[in-house]
Each structure stands twice: as C-alpha cells, then as structure tokens.
Amino acid sequence: MFTELNSILNVTPDNFTQGEFILVSDRQTDGSFLIHHFLSFYLRARCRVCFLGLVQSFSHYSAVSQRLGLNLTRAKERGQLVFLEGLKDSLSFLISQECTSGSQTVDFLRDPASGLRSLYEFVCASVSSSGDGGVKVEDTAKWGPPVLLVDDLSVLLSLGVHIGAILDFSHYCKATVCSQLQGNVVMLTRCDGEEEEDDGDDEGSERLLKGLTHQCSLSLHVRGLPTGFCRDIHGQVEVYWRQRRCDGQRTNKKLFQYKVHDKGASFFARGTSSAVL
C-alpha cells in the first residue's frame, strides 16, 4: 500500500468512496504496481476481494504482497480473497478433456464469440455475501464491501474476445459490484504504441481504453517519461476524477511523477524529485 498515493486520492483503508469504478491504464511502461497497491489497500480495509489474475500467477502476487506486509495465502484460506488463476485454468481447459468449475470460467478460449458470461457469473458468485466463490469462508459477515480486481483486460483482445463483449463484461461488473453491492471495481488495461497512433482496428486497445474511460469514475494513466529513461524517475501518472453534476460532467486532472521501490513507490509533483533539484 502506497501512503503517498492514498494522500493524493484522499483515501485511507478506514475511509474510502464506495461504488467506485477505478481504471488503471499504462502506455510504454508497466503500471501493474498500482494493482499491487489496490490489492494491498482493499485487503487492509477488510474488503472481500475477487481477483481475476488473467496475466500473472497467484505466486507472483503473493511474493510481492509479502514485501508489502500481506499474506495472500492466509487471505484465501479465511475467505477474504478469491483468486482466479487465469494462466493455470486456461492451460487446464485447453489440454484437458474434463470440464471442471475452473475451466468453465474460461470457456471463451474455445469459443471467443460466446462472450464472457461464465467469467461474469464467477465474479457474481465470488462477491456475493453467501460466499459461493469456491473457497471456505469463516465468516463473510465480518468483511466490508466487495471489490473486483482485474489485472489486464486487454489480454482478452489477443485471445479473440470481441471488444464489445469486454465492455459488456465491465459494464455488468460495474452494475453488480458498484451499484448493487456498493463495492469497488479496479481494472487494468494496456495500450500499445504512441497515443497518436490508430491503425483503424476495431479490436484495438485504444478503443477498449476509450470505452472503459467512459465507464470509470477515477482513472490513473501511467506512462513513461516523454524525455526518455531516467534512473531516479520511472514515469508519470495522470489522475482523472470524473464527477457527474446536474449541469454536466466535470473532470479534474492532476499529474504526478513516480519511482517504484522494492517495497513501495514514491509520488511527487512534476519537477520536484530530488534527482532534478
């Protein structure tokens, strides 16, 4: 959990906005460190977290979380964390003839045109208060609002899933988790190439980003420095707050630079790093 980022967003594990759809995106750099932050933040806030690990394994997130002072294995055992091992379930689904509950969740791999209904049903079961997400739950009543984390939606494009199906999935997840259950959703998506580039492909990551941006209430866009590599500054984060008002929609924007450490990350206003002062 990054305390400086919490200060920027004006939140703490004891006081945060519910019903929020948070979009994390990156371009020409890796913004997944923010997913580690939100995982740590919501677990410390005692929320029940459903994590769709579509790119990285549970072991990867467990190792990073240990450096941040969290035990994900313990969180799974007590029912606070439901983790979809996307890589393992996908491999089992493609090479096995048996149809298990885990493989049914990724059935879009054999028929991408079928959409993400099974994945959505897994999310609903995981965030429900009945605790039917496939884990042993000690006492679901003690957890706070549910949270859905997705580590990279854009990978579904390369698996043949139509962009419309992905946006439908995010929309229904928002309606269920944010609106109905007053929980939060955090999704990561990646963009390829420069922002000005547009190859006209309807399945492009740029169009996915635009569609998700219209759905979110808070957006954190991570990108490399326009001046190139710097050892002491790893990139910059543009933070957008989207507020709906009776007279229209207002967007607030702030820009910060950051440096990722072994056990966290530092955020500072542009040009105020000790490396340039």
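With R48 contributing its side chain and G79 its backbone, the two residues share a donor-acceptor pair below 3.5 Å. Remark: side-chain polar atoms of N184 are paired, donor with acceptor, to backbone N or O of T17 under 3.5 angstrom. With hydrogens and angles disregarded, no donor-acceptor distance shorter than 3.5 Å links the side chain of R27 to the backbone of V222. Judged purely by atom type and a 3.5 angstrom limit, E206 has no side-chain atom pairing as donor or acceptor with the backbone of C191. The backbone N or O of A125 lies less than 3.5 Å from a partner atom in the side chain of S128, making a donor-acceptor pair. For S158 (side chain) and V155 (main-chain N/O), a donor-acceptor pair under 3.5 Å exists by modelled atom type. Checked by atom type and distance alone, the side chain of D151 pairs as donor or acceptor with a backbone atom of L54 at under 3.5 Å.
Looking only at atom types and distance, the side chain of D30 has a donor-acceptor partner in the side chain of S32 under 3.5 Å away.
By the 4.5 Å heavy-atom criterion applied to side chains, V24 and T189 are not counted as neighbours. No side-chain heavy atom of L5 sits under 4.5 Å from any side-chain heavy atom of F41. When side chains are defined from C-beta on, K254 does not count as touching V237, because their heavy atoms never get closer than 4.5 Å.
Ring centroids of F256 and F267 are separated by 6.0 Å or more, keeping the two rings apart. Taking the six-membered ring for Trp and the full ring otherwise, the centers of H36 and Y61 sit less than 6.0 Å from each other.
Of all heavy-atom pairs between V147 and C47, the closest is CG2-CB, 3.8 Å. Smallest separation of non-hydrogen atoms from W241 and V239: CH2-CG1, 3.5 Å.
For the pair K76 and F51, the cation does not sit on the ring face, since its NZ or CZ is not both under 6.0 Å from the ring centre and inside 45° of the axis.
R117 and D107 are not joined by a salt bridge, as no carboxylate oxygen comes within less than 4.0 angstrom of a charged side-chain nitrogen. At a threshold of 4.0 Å, the pair E20-K174 does not count as salt-bridged, since none of the basic side-chain nitrogens sits closer than that to a carboxylate oxygen. Salt-bridge annotation for R67 and D262: present, with a side-chain N of the basic residue lying under 4.0 Å from a carboxylate O of the acidic one.
We find the CG-CG distance between L167 and L153 to be 8.5 Å, quoted to the nearest 0.5 Å. Taking SG of C178 as the reference point, atom CZ of F21 lies at 7.0 Å (rounded to 0.5 Å). Rounded to the nearest 0.5 angstrom, L220 CG and L34 CG are separated by 6.0 Å. Distance check, rounded to the nearest 0.5 Å: CG of L43 to OG of S65 gives 7.0 Å.
Here the rule is side-chain hydrogen bond (donor to acceptor under 3.5 Å, both in side chains) with S266, and of H234, H261, Q257, K259 only H261 fits it. No option in F2, F33, F268 other than F33 meets the ring pair (Phe, Tyr, Trp, His ring centres under 6.0 Å) test with Y258.
Residues passing the ring pair (Phe, Tyr, Trp, His ring centres under 6.0 Å) test with Y42, sequence neighbours excluded: F16.
One hydrophobic cluster holds both V55 and M187 under the rule that ILVMFWY side chains link at heavy-atom gaps under 4.5 Å. Taking hydrophobic clusters as Ile, Leu, Val, Met, Phe, Trp and Tyr residues chained together by side-chain heavy-atom distances below 4.5 Å, Y240 does not share a cluster with L208. Hydrophobic clustering (side-chain heavy atoms under 4.5 Å, transitive across Ile, Leu, Val, Met, Phe, Trp, Tyr) keeps L9 apart from L255. By the rule that hydrophobic residues join a cluster once side-chain heavy atoms approach within less than 4.5 Å of another member, L148 and Y172 end up as members of one cluster.
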Worked check of salt bridge (Lys or Arg N to Asp or Glu O under 4.0 Å) between D152 and R190: CA-CA 7 Å; D152 187 2; R190 292 196 152 92; 3.4 Å; yes
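Aromatic ring pairs are classed by plane angle as parallel below 30°, tilted from 30° to 60° and perpendicular above 60°; the pair Y120 and F169 is perpendicular.
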